[in-house]
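One structure below.
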Amino acid sequence: MTAKKTTPAAALAYTLRNIKTFVGYDGYGLEADVYLAKQKVASIYDAADGGPLGIEYAGGKQKAALHKFAARWYMESGVEAEHEAMHAEVLAKHGKVTDHRPDAEGKLESWVNAEIDRIPPRLWIPCRPARCQPGKRQSEY
C-alpha cells in the first residue's frame with residue numbers, strides 16, 4: 001500500500017488577489033484581499049512601518065477557518081520545523097533563548113509573505129497610499 005501524496009494545506013485553496021504594493025516608512029508595504037474560491041474572506045494591510053499585519057475578516061467563521069488553514073500551512077510547509085531548528089541552535093549556542101512562537105495571525109502573516117514571494121511582481125498593482133501622495137504636507141494627514 002502506498003502513501004497518499006498531499007501538498008501542504010491543499011484542502012483549502014486560499015489565494016491573494018488585488019495585491020497593491022507601495023513604499024512605506026520602513027520598507028515595502030502591501031494591501032491585498034484573501035479569497036477562498038470566489039469568496040473574499042479577509043483584507044490585509046502591511047503599512048511597512050514595523051508594525052504587525054492589519055487583518056480585517058469578513059466574519060467569525062472566515063476568521064476561524066483562515067487561522068486553521070494558516071496553522072496547518074505553517075506546520076506542513078516546513079516553516080515550523082525551521083523555526084524549531086533555529087530555536088535549538090540558539091539554545092545550544094547561548095544556553096537560553098526567548099521563545100517567540102507566532103500566534104495564529106503571525107502564522108497567517110508568514111503565509112502572506114510566502115504567497116507574495118510566490119506571485120510574480122508583474123501581477124502586483126503598484127500604488128501610493130493616500131498618506132504618501134505628492135503635494136500633501138505632513139499636517140494634512
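Just so you know, these numbers come straight off a predicted model, no measurement behind them.
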Looking at [atom1] of [X] and [atom2] of [Y], how far apart are the two atoms once the value is rounded to the nearest 0.5 Å?
X: Leu36; Y: Leu66; atom1: CG; atom2: CG; result: 9.0 Å
X: Lys107; Y: Ser77; atom1: NZ; atom2: OG; result: 10.5 Å
X: Tyr14; Y: Glu115; atom1: OH; atom2: CD; result: 12.5 Å
X: Leu16; Y: Ile44; atom1: CG; atom2: CD1; result: 5.0 Å
X: Asn113; Y: Asp46; atom1: CG; atom2: CG; result: 7.5 Å
X: Asn18; Y: Leu30; atom1: CG; atom2: CG; result: 12.0 Å

(message) Ring centroids only, cut at 6.0 angstrom: are Phe69 and Trp111 within range, meaning strictly under it?
(response) yes

(message) Less than 4.0 angstrom from a charged side-chain N to a carboxylate O is my criterion; do Arg17 and Asp33 meet it?
(response) no

pair [X]-[Y]: side-chain heavy atoms closer than 4.5 Å:
X: Thr21; Y: Tyr28; result: no
X: Thr15; Y: Val34; result: no
X: Tyr57; Y: Val41; result: no
X: Glu105; Y: Leu53; result: no
X: His83; Y: Tyr74; result: yes

(message) According to a hydrophobic-cluster definition based on side-chain heavy atoms being under 4.5 Å apart (Ile, Leu, Val, Met, Phe, Trp, Tyr only), do Tyr35 and Val112 belong together?
(response) no

(message) Surrounding CD of Glu89 (heavy atoms of other residues, nucleotides or ligands, distance under 6.0 Å), is the total greater than 12?
(response) no

(message) Pair Gln62, Lys40 - check side-chain contact (heavy atoms from CB on, under 4.5 Å), show working.
(response) CA-CA 9 Å; Gln62 290 89 347; Lys40 182 177 169 182; over 6 Å; no

(message) Please find the pair of heavy atoms, one from Gly24 and one from Ala48, that lie closest to each other, and give the distance.
(response) CA-CB, 3.7 Å

(request) List the atom of Ala104, the atom of His67, and the distance in Å for their closest heavy-atom pair. (result) CB-ND1, 3.4 Å

(request) Report the C-alpha separation of Trp73 and Val79 in whole Å, then their side-chain angles, then the decisive distance to 0.1 Å, and conclude whether the side-chain contact (heavy atoms from CB on, under 4.5 Å) test is met. (result) CA-CA 8 Å; Trp73 173 87; Val79 175; 3.8 Å; yes

